[in-house]
Amino acid sequence: MGGTFNPIHYGHLVTAQEALSQFNLDKVIFIPTGDPPHKTDEEIASAEHRYLMTVIATASNSKFFVSRIEIDRKGKSYTIDTLRELRKIYTEDVSLYFITGADAILEILTWKDTAEILTLCKFIAATRPGYDLSRLESLKKKILDTEDKIFVMEVPALAISSTDIRARIKQQRPIDYLLPEGVCKFILKNGLYR
Ligand code: ATP
Ligand code: MG
């Protein structure tokens with residue numbers, strides 16, 4: 001599961017847990033993105049802070065892991081490079097699933113490397129009940145052989161987003177119960193997003 005995790009929240013964690021159970025996965029690896037090469041957005045916490053928050057949020061789950069693969073890579077991270085590297089670590093007999101939100105999958109699969117990406121992994125696209133899947137369906141029709149490669153998974157009641165959490169911190173509104181308590185405290189301690 002790739003993401004900025006700026007910060008990680010219960011939307012990400014519930015999605016990962018649901019994927020584990022529905023697809024019978026052995027583990028979920030959270031992969032925070034590296035720092036953007038030219039930091040344009042001052043709202044993005046440093047890669048180290050985002051990495052640590054992801055570790056704090058996942059530490060108690062024996063099937064959740066965090067990878068530094070994108071954080072330690074120089075330059076901009078592309079999904080294709082990460083997947084190629086993961087494929088070197090995990091041999092062909094291991095199934096890799098890329099877990100994303102339904103919006104993010106549309107971005108990833110409209111890139112140029114779509115065909116190769118689909119040889120490296122399958123996709124689990126998380127949606128909220130009632131989410132309009134027509135764009136995803138029409139994208140699937142354009143790409144051949146997506147039948148057993150893109151799976152849609154419904155995740156309950158998750159309107160939580162990092163954007164909303166950052167806005168709440170700025171406006172001094174509560175963020176409790178949207179993300180793990182340890183991550184809340186880490187944000188306060190380090191004065192992030194103010
Ligand atoms: P931002 O608001 O800054 O874009 P975000 O909440 O979307 O942050 P990301 O780190 O961008 O979080 O997301 C990582 C992955 O998790 C993406 O694939 C995204 O679609 C998915 N995701 C984010 N929020 C949810 C949620 N509430 N439920 C399910 N998936 C989510
Ligand atoms: Mg997002």
Side-chain angles (χ1 to χ4, degrees), residues 1-23 25-77 79 82 85-86 97-105 107-108 124-129 131 153-194:
M1 182 170 196
T4 331
F5 301 122
N6 185 39
I8 189 167
H9 53 67
Y10 281 131
H12 302 129
L13 294 164
V14 169
T15 300
Q17 181 65 30
E18 192 61 20
L20 263 177
S21 118
Q22 280 197 29
F23 293 83
L25 308 181
D26 297 309
K27 56 180 167 182
V28 174
I29 307 170
F30 293 78
I31 309 182
T33 55
D35 280 327
H38 305 289
K39 264 196 170 183
T40 45
D41 186 355
E42 82 265 4
E43 278 205 322
I44 183 158
S46 73
E48 285 309 325
H49 279 142
R50 291 183 290 106
Y51 169 75
L52 287 172
M53 289 189 281
T54 309
V55 170
I56 292 166
T58 56
S60 63
N61 190 315
S62 62
K63 292 188 170 182
F64 285 177
F65 298 86
V66 186
S67 166
R68 295 184 58 92
I69 196 168
E70 293 200 355
I71 285 176
D72 290 340
R73 192 188 294 148
K74 293 273 170 289
K76 186 168 165 27
S77 280
T79 301
T82 301
E85 250 177 271
L86 288 174
Y97 291 83
F98 194 111
I99 307 168
T100 74
D103 294 336
I105 196 181
E107 272 171 51
I108 293 168
I124 299 173
T127 72
R128 283 184 283 277
Y131 179 87
M153 175 181 79
E154 283 203 351
V155 176
L158 286 172
I160 303 173
S161 74
S162 304
T163 301
D164 176 58
I165 291 170
R166 293 193 301 273
R168 284 169 170 272
I169 294 167
K170 240 189 202 123
Q171 298 155 6
Q172 299 183 351
R173 287 156 60 216
I175 57 169
D176 316 66
Y177 315 119
L178 298 172
L179 68 177
E181 199 181 344
V183 179
C184 288
K185 289 190 167 156
F186 183 90
I187 289 171
L188 279 178
K189 174 180 169 182
N190 292 284
L192 305 181
Y193 310 120
R194 285 192 308 209

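Heavy-atom basis, side chains included; hydrogens, waters and symmetry copies ignored.
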Where do K63 and V28 land on the side-chain contact (heavy atoms from CB on, under 4.5 Å) test, with the steps shown first? CA-CA 6 Å; K63 292 188 170 182; V28 174; over 6 Å; no

Walk me through it: do F30 and F65 pass the test ring pair (Phe, Tyr, Trp, His ring centres under 6.0 Å)? CA-CA 6 Å; F30 293 78; F65 298 86; 9.6 Å; no

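Expressed to the nearest 0.5 Å, how far CG of N61 lies from CG of L13 amounts to 8.5 Å. The distance from atom CG of L25 to atom CD of E18, rounded to the nearest 0.5 Å, is 11.0 Å. Note: L192 CG to N6 CG = 8.5 Å, rounded to the nearest 0.5 Å. Here I31 contributes atom CD1 and S67 contributes atom OG; the two are 5.0 Å apart, rounded to the nearest 0.5 Å. Residue I124 holds its CD1 atom at 10.0 Å from CE of M1, rounded to the nearest 0.5 Å. Annotation: the span from I71 atom CD1 to S46 atom OG amounts to 8.5 Å, rounded to 0.5 Å.
Residues T15 and H12 bring no donor and acceptor atom of their side chains to less than 3.5 Å of each other. Using modelled atom types and a 3.5 Å distance limit, the side chains of T82 and E70 yield a donor-acceptor pair.
Counting only heavy atoms from C-beta outward, the side chains of N190 and H49 approach each other to under 4.5 Å. Looking only at side-chain heavy atoms (C-beta outward), K170 and E43 come within less than 4.5 Å of each other. Between L20 and F64, some side-chain heavy-atom pair lies under the 4.5 Å cut-off.
Salt bridge present: R50 and D35 bring a charged side-chain N and a carboxylate O closer than 4.0 Å.
Considering all non-hydrogen atoms of both residues, I56 and G182 come closest at CG2-C, 3.8 Å. When all heavy atoms are compared, the tightest approach of Y193 to P7 is OH-N, 3.4 Å. The minimum heavy-atom distance between T4 and T33, with the atom names listed, is CA-OG1, 3.6 Å. Across all their heavy atoms, Q22 and E154 have their closest contact at NE2-O, 4.1 Å. The minimum heavy-atom distance between P32 and F5, with the atom names listed, is CA-CD1, 3.8 Å. Heavy-atom minimum distance, L179 versus I175: CD2-O, 3.3 Å.
Residue-environment remark: CZ (R194) stays at or below the threshold of 12 foreign heavy atoms within 6.0 Å. Few gaps surround CD on E85; more than 12 heavy atoms of other groups in view lie less than 6.0 Å from it. In D176, the CG atom is crowded: over 12 heavy atoms of neighbouring residues, nucleotides or ligands sit closer than 6.0 Å. Under a cut-off of 6.0 angstrom, the local environment of CD in Q172 is sparse, with at most 12 non-hydrogen atoms contributed by other residues, nucleotides or ligands.
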